[in-house]
Each structure stands twice: as structure tokens, then as C-alpha cells.
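For reference, the structure discussed in these notes is given below.
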Amino acid sequence: KVRFAEIEFGQNARLCRTLGIKRLPNVHIYKGKLGRISAFACGPSKFPILEEKLARMKTLNDEDLTWEKTLEEGSSLADQIVTELKEQHWEEALKQEEEAKRASTEPAP
């Protein structure tokens, strides 16, 4: 049994942020007490991936779904860490560039 629901982002921005939605459209897959077992951005070009995930998940027991969920969360965490590291790198690079500009425009003692 599968149910689909749609949430209007503009009307529910806080909920979407709470759910970790960063790109639209976004699909979340839940199963009973396991809760969310998958979440990903899913535009029309990714519908085959959604169909594959749903077909695969229907064949898995709760233990295997929990394992899949853990793997996906680990992958998402790794992506988040990489993004944060890149942002920190760019912030540091910008600071260094600003300091170099200031140093080059300051009169010599």
C-alpha cells in the first residue's frame, strides 16, 4: 500500500526546512514505525530512480530497510560534511584575499 502527499513549499517553508528539504521537487519515503527511510530531490528525469526505489523497498523486510536507511543517512551526512568544508574553505580563501588586498593598499611604514 502506497500513499502520496504533496506539500506546498511556500505555504509550509518551516516544515520543509525541518524535513531537510533543500531542493525541489523532493520525495520522502516513509514506512510505519521505521519512519523516513529515504529522501531525495526527484525531478522528472529522476522518476525512474523513484520507481526503482519503490519496487526495491517493497521487497525488503524491516531489518533490510533499516540498513538501507542507515546507508542513505551516512551518505547524506558525508555530502553535508563536504558542503560545509567547501563553504569553510571559500570563507577562509575570501578572508585571505581581503587581508592580502588590505596589506597591498596600506602604506609601507
Side-chain angles (χ1 to χ4, degrees):
K1 180 175 168 181
V2 176
R3 281 189 247 169
F4 290 90
E6 183 177 351
I7 298 173
E8 169 59 40
F9 182 84
Q11 303 273 329
N12 299 285
R14 179 184 278 165
L15 172 62
C16 291
R17 280 192 298 274
T18 301
L19 293 172
I21 296 171
K22 295 180 178 148
R23 290 181 295 177
L24 297 174
N26 204 285
V27 172
H28 288 209
I29 301 171
Y30 294 83
K31 182 175 182 197
K33 292 179 181 177
L34 294 177
R36 182 168 68 189
I37 53 177
S38 185
F40 58 99
C42 184
S45 67
K46 293 191 178 176
F47 274 25
I49 295 169
L50 173 60
E51 291 173 331
E52 287 174 24
K53 277 187 177 265
L54 289 173
R56 178 170 159 60
M57 288 179 176
K58 285 182 0 183
T59 66
L60 298 176
N61 62 34
D62 285 358
E63 183 178 341
D64 291 336
L65 284 171
T66 300
W67 175 246
E68 293 276 326
K69 176 181 175 179
T70 302
L71 289 176
E72 187 169 306
E73 288 171 350
S75 176
S76 295
L77 178 60
D79 290 344
Q80 183 180 355
I81 290 169
V82 168
T83 299
E84 288 178 16
L85 288 173
K86 285 180 181 178
E87 288 172 359
Q88 287 175 355
H89 169 76
W90 283 110
E91 287 173 9
E92 290 171 15
L94 287 172
K95 281 182 187 177
Q96 290 174 358
E97 185 177 318
E98 288 173 11
E99 289 171 5
K101 283 181 184 178
R102 266 190 256 129
S104 68
T105 59
E106 290 178 0

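The model shown is predicted, which means the values in this text are computed figures rather than measured ones. Hydrogens, waters and symmetry mates are skipped; everything else that's a heavy atom, side chains included, is used.
- Annotation: side chain to side chain contact (heavy atoms under 4.5 Å, CB included) contacts of Arg102 (sequence neighbours excluded): Glu98, Glu99, Glu106.
- Here the closest heavy-atom approach between residue Phe40 and residue Ile49 is recorded as CE1-CG2, 4.4 Å.
- Note on Leu54: it does not cluster hydrophobically with Phe47, by side-chain heavy-atom contacts below 4.5 Å among ILVMFWY residues.
- Remark: Ile37 CD1 to Ile29 CD1 distance equals 6.0 Å, nearest 0.5 Å.
- The heavy-atom pair separating Pro25 from Gly43 by the smallest distance is CG-CA, 3.8 Å.
- Listed by chain and number, the residues in a salt bridge (charged side-chain N to carboxylate O under 4.0 Å, His left out) with Asp62 are Lys31 (sequence neighbours excluded).
- Leu34 and Met57 fall within a single hydrophobic cluster, where Ile, Leu, Val, Met, Phe, Trp and Tyr are joined by side-chain heavy atoms under 4.5 Å apart, directly or via other members.
- Sorted by first and then second residue, the pairs that involve residues 51-60 and meet salt bridge (charged side-chain N to carboxylate O under 4.0 Å, His left out), not counting sequence neighbours, are Lys53-Glu72, Arg56-Glu68.
- With sequence neighbours excluded, the residues satisfying side chain to side chain contact (heavy atoms under 4.5 Å, CB included) with Glu97 are Lys101.
- The side chain to side chain contact (heavy atoms under 4.5 Å, CB included) search around Leu94 returns none, not counting sequence neighbours.
- Side chain of Asn12 to backbone of Phe9: no donor-acceptor contact under 3.5 angstrom is found.
- When the side chains of ILVMFWY residues are joined at heavy-atom separations under 4.5 Å, either directly or via intervening members, Ile7 and Leu24 end up in a single hydrophobic cluster.
- Between Trp67 and Leu60 there is no side-chain heavy-atom pair separated by less than 4.5 Å.
- With sequence neighbours excluded, the residues satisfying side chain to side chain contact (heavy atoms under 4.5 Å, CB included) with Tyr30 are Leu19, His28, Arg36.
- Residue pairs meeting the salt bridge (charged side-chain N to carboxylate O under 4.0 Å, His left out) criterion with at least one member in residues 6-19: none, sequence neighbours excluded.
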